[in-house]
Every structure is written in structure tokens, then in C-alpha cells.
Amino acid sequence: MSASRRRSGVLLHLTSLPGPHGIGDFGPGAYHFVDWLASAGQGLWQWLPTTPIGPGHSPYQSVSAFAGSPLMIALEPLVERGWLDTPLLPAAGFAARRVDFDAVAPWRLVQLRAAAAGFEARAERADRDALAAWCVEQSGWLDDYVLFMALERAHDGRPWWAWPPALAHRDEKALARARTQHADEIEFWRFVQWCFDAQCTALKAYANRRGVEIIGDLPIFVAHHGADCWSRPDLYQLDDNFQPTVVAGAPPDALGPLGQRWGNPLYRWDRMADEDFAWWTLRVRRMLAHVDRFRIDHFRGFAGYWEIPASSPTAQGGRWLPGPGKPLFDAIGRALGTLPIVAEDLGHITPDVHTLRDACGFPGMKVLQYAFGDDATHEYLPHNCRPNMLVCTGTHDTDTFRGWWDGASERERRFAGTYLACSAHDVHWAAIRAACNSVADLAVFPLQDVLGLPSAARMNWPGTLGGENWTWRFDWSMVGSDTGRVLGLISAASGRAPFALLG
């Protein structure tokens with residue numbers, strides 16, 4: 001294997017970036033982070049989903065599988081273009097190390113509405129033409145999304161199946177009237193998505209010029225209340241009242257005797273197959289406009305998925321059913337070419353999942369935190385890795401590595417301490433070094449692990465809603481001057497960064 005295939009990088013969601021406006025975005029903080037990654041010899045920046053957040057501020061429960069989050073749009077470029085006056089921060093300001101979604105989201109929306117009004121009043125002809133051309137190009141998903149957002153506002157946020165029947169059932173005359181009645185709101189959401197697209201693609205281009213690839217994240221399922229379900233209810237297992245008959249989740253296991261009931265509607269894979277999986281092809285095409293490669297969340301659901309009756313309050317009453325398998329990825333590949341996908345093959349994994357992953361040629365994932373509960377044969381240990389893999393110290397759903405160490409059993413700490421040759425003060429660097437020294441092509445570490453932070457800095461606690469989930473941010477005083485140098489040395493010594501970093 002050539003050294004050029006060996007890369008390392010950092011998992012940091014955009015919302016966790018520093019910045020003055022309450023939440024990380026595509027602004028100057030993102031470009032500074034790219035520069036820091038490049039100076040530390042890192043070739044990968046992994047994001048979480050960039051779609052609009054849903055209940056509990058989760059990026060995995062979005063109102064659209066295609067749209068971008070309005071919260072990620074940087075305000076500085078809108079000011080520079082003359083569309084927005086310099087924003088006045090709330091009197092209390094925003095926290096530097098935490099996202100207060102209840103305060104940030106409405107304030108950001110006010111700024112975007114002001115920018116849209118400024119665009120309407122002062123934009124140059126070239127910008128107006130660019131927006132119009134982009135809307136035509138993206139109409140396959142955009143038209144339904146912007147109408148959905150306008151109707152959601154008009155109906156005080158009620159779910160789409162509770163809208164007037166003509167709108168819920170998408171009567172063409174009712175939709176035409178709605179497009180006229182809510183034209184201004186529709187144009188606002190077109191403007192928002194155009195701004196997101198322009199800023200996201202500009203950041204990706206900058207990262208690529210600095211030698212950094214972007215790894216995105218594509219959730220397998222969509223939210224019930226969302227533009228995707230509303231626009232194509234025939235592609236989901238819904239009854240005549242548009243309610244799910246079955247929902248997604250995960251079966252009971254040692255960590256959760258009730259299993260996990262996620263509640264997402266399940267696809268009608270047969271109908272998607274009849275259309276040669278056109279919806280999925282459009283979705284992946286959209287993703288690849290923003291990132292260089294992407295992780296598919298819950299990859300095992302494409303081999304087989306856990307179907308739970310909608311009437312069941314837990315996942316216990318579910319059953320396994322076969323997923324679409326390789327024909328789905330063959331169809332997408334025929335349209336788009338080689339698919340730069342990382343398969344999130346974690347959880348309840350059966351041989352058919354690995355068979356599908358390997359038949360598609362996708363890298364799987366190995367999480368070091370899970371490696372020390374057994375013995376030296378555990379497949380997640382670095383010495384058992386294979387080249388076509390992504391090894392990581394943790395994910396957005398795990399504890400930080402330092403937090404894991406603090407809460408691990410005595411046996412796990414003894415095993416990890418021996419294997420990694422470390423103790424509590426340097427366990428995070430030892431884990432990063434072990435991941436880098438593995439033969440896996442890709443190695444990624446949450447920024448929290450690079451900084452050696454405890455459990456309080458974790459991103460998400462699975463099975464919980466709201467609270468501190470998704471709120472973590474950092475500022476540069478936490479990074480210091482030496483962290484990037486050490487990360488670069490480890491990466492260079494393992495062939496993942498220019499050897500010149502070793503001096």
C-alpha cells in the first residue's frame with residue numbers, strides 16, 4: 001500500500017467550532033480549523049450530518065435529507081456582500097463552549113431573514129442570476145422542501161399529516177394555491193439553501209486546496225415529519241392516515257434490554273427498487289457536492305433491519321427483515337461511479353453485513369474504546385485491523401477516550417494500559433498513536449480525544465433527548481500551541497503525514 005492512502009484526521013462537527021454567533025458555522029473559524037489541521041499534518045476532517053436539526057437538536061432527525069442547516073450559515077459573508085448589517089448580539093451574549101439552541105436558533109433565523117431582505121433590495125444581477133440558476137439545478141428536492149417549510153410555518157409547526165387534507169394529500173390545486181399564497185416565504189428558504197450551498201462548497205474547496213478531505217455523514221433513515229415523507233409518502237410504510245405501521249430501531253442487547261425504538265418510518269424498498277433507487281441516487285449526488293467521502297450511519301440496515309410494530313412502545317417486539325443489499329449500491333454506482341463510502345458497521349453485526357460491506361468494497365469502522373473488553377483476538381484491536389478500514393478512538397456516540405478510561409473496569413484499564421503503554425495522563429495520546437500505527441488506511445480521532453478531555457465534553461448520550469447532547473464547543477485556548485505539533489509527529493511517524501514534520 002502506498003503511503004498516500006494512509007491518512008489521519010479529526011472528527012469535529014461544524015457546530016462545535018469557535019465563533020461569535022453562538023454556534024460553529026462556515027465562517028472564519030472553519031477556515032482557521034482547516035489551517036490548523038493542515039499544519040498538524042491531518043488530511044481528514046469528519047463532520048456529522050449538516051442537514052437541519054430535529055427534535056432534541058439532533059442532526060439525525062432532520063426535516064430534510066437534502067437541505068442544509070440554516071444554523072451553519074456564516075453571517076460574516078452576508079455582511080461582506082452588503083445584504084446584512086453587522087449583527088447585534090443579545091445583551092447576555094452567547095456561551096463560548098456550549099450551544100444554547102433555544103437562544104441561538106431564533107436569533108440566527110432573524111439574521112437570515114434580514115439578509116434575505118437585504119439581498120432582495122441590494123443584490124447585484126449576477127447574484128440574482130446565480131440564485132435562479134441554482135434553484136433550477138436543485139429543483140428535484142428543493143421545490144418540495146421550500147414549500148414544506150412555508151407550510152409548516154403557516155400551520156404553526158404542526159406535523160404535515162395534521163395539515164388540511166388537500167395539503168397533506170398533495171392535491172395539485174391546493175399546492176398551486178399554496179405556492180402563490182406563501183411565495184415570499186418560499187423565496188426566503190430558497191435563499192437560505194443557496195447560501196448554505198455556496199458556503200459549504202467554498203469551505204470544501206479551501207480544505208481540498210490545503211490537502212484536507214471532508215468526510216460527511218449520511219443517516220440511513222429520515223424523520224416522519226419532514227419534506228421527504230410528505231413529498232413521497234408512497235416510499236414509506238405508512239397507513240391511509242400517513243402514520244407509520246412499523247418503525248426503525250435496534251434489537252435488545254446486553255447494553256439495552258428493551259432495545260432502541262428510534263421511531264423513523266421504514267422504507268418500502270420494493271418501490272424504491274422499482275425506480276432503480278432514484279431517490280437514493282439523488283441523495284448521494286447531493287452529499288458528494290459537499291464532501292469528498294461520507295460515512296453511512298447504521299450500514300447494517302442495508303443488509304437487514306429491525307422492524308418494530310408502530311404500536312410497540314419498545315423494540316422488543318421487532319423482527320429482522322432483509323434490506324436492499326448490493327443492488328442499491330450498484331444502482332447508485334451506475335449513476336455516479338465509484339462510491340467513496342465508509343460503512344458504519346457497528347452494533348449488532350451479523351455475517352451478512354460484512355459480506356455486503358466487502359462486496360461493495362467499503363471500509364468498515366473499528367472503535368478502540370470497544371477493543372479492551374475481551375482478549376487479544378478482539379477485531380477492534382489495532383493489530384487485527386486490515387488496510388481497508390477506518391479506525392477511530394471514539395465516535396460522536398461514545399464517551400471521550402479519557403472518560404472511557406475513567407469509567408472502565410479494572411481489567412479493561414489493565415489491558416488497555418499494557419497494550420497502549422500508558423496511564424491516565426497520556427491515555428488519549430497512546431490511543432491516537434495506536435490507531436495511527438495500525439495498517440488501517442484511515443484513522444480519525446474526535447477533537448475531544450486529541451485534547452484529552454473527560455466525559456463532560458462528549459457530544460451525545462445515545463438513548464437520551466435534549467439536555468447537553470450536541471451542545472459541546474471548544475475555543476482555541478483549549479488547544480494550546482503544542483497539541484497540533486504532537487498530533488503531527490504521531491501522524492508523520494506512522495506514514496499519515498509528511499515525514500518532514502518530524503524535523
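None of the values given here were measured: they were computed from a predicted structure.
Under the salt bridge (Lys or Arg N to Asp or Glu O under 4.0 Å) criterion, D475 pairs with R97, not counting sequence neighbours.
The pair R386-D358 meets the salt-bridge criterion, since a charged nitrogen lies less than 4.0 angstrom from a carboxylate oxygen. A salt bridge is absent between R300 and D345; no separation between the charged side-chain nitrogens and carboxylate oxygens falls under 4.0 Å. Between D25 and R108 there is a salt bridge, with a side-chain nitrogen of the basic residue lying less than 4.0 Å from a carboxylate oxygen of the acidic one. In summary, R98 and E468 engage in a salt bridge, as defined by a charged side-chain N under 4.0 Å from a carboxylate O.
Atom CZ of F499 has 12 or fewer heavy atoms from other residues, nucleotides or ligands within 6.0 Å.
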Checklist entry - For S491 and S8, what are the C-alpha separation, side-chain angles and deciding distance, and is it a side-chain hydrogen bond (donor to acceptor under 3.5 Å, both in side chains)? => result CA-CA 7 Å; S491 300; S8 61; 3.1 Å; yes

Checklist entry - Run the side-chain hydrogen bond (donor to acceptor under 3.5 Å, both in side chains) check on S455 and D406 step by step: do they pass? => result CA-CA 9 Å; S455 296; D406 291 342; 5.8 Å; no

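Aromatic ring orientation, W320 versus W306: perpendicular (interplanar angle above 60°, classes split at 30° and 60°).
Annotation: side chain of E213 is in contact with side chain of R293 (closest heavy-atom distance under 4.5 Å).
The six-membered or imidazole ring of H428 lies away from that of W405, with a centre-to-centre distance of 6.0 Å or more.
Remark: the backbone N or O of A40 is paired with a side-chain donor or acceptor of Q42 at under 3.5 angstrom. Side-chain N or O atoms of R402 include none that pairs as donor or acceptor with a backbone N or O of P454 at under 3.5 Å.
Of the N and O atoms on the side chains of N264 and Y60, not one donor lies less than 3.5 Å from an acceptor on the other residue.
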For residues 444-451, please give each side-chain donor-acceptor pair under 3.5 Å, one per line with the distance, not counting sequence neighbours.
{"from": "Q448", "atom 1": "NE2", "to": "A457", "atom 2": "O", "distance (Å)": "3.1"}
{"from": "D449", "atom 1": "OD1", "to": "F401", "atom 2": "N", "distance (Å)": "2.7"}
{"from": "D449", "atom 1": "OD2", "to": "T393", "atom 2": "OG1", "distance (Å)": "2.6"}

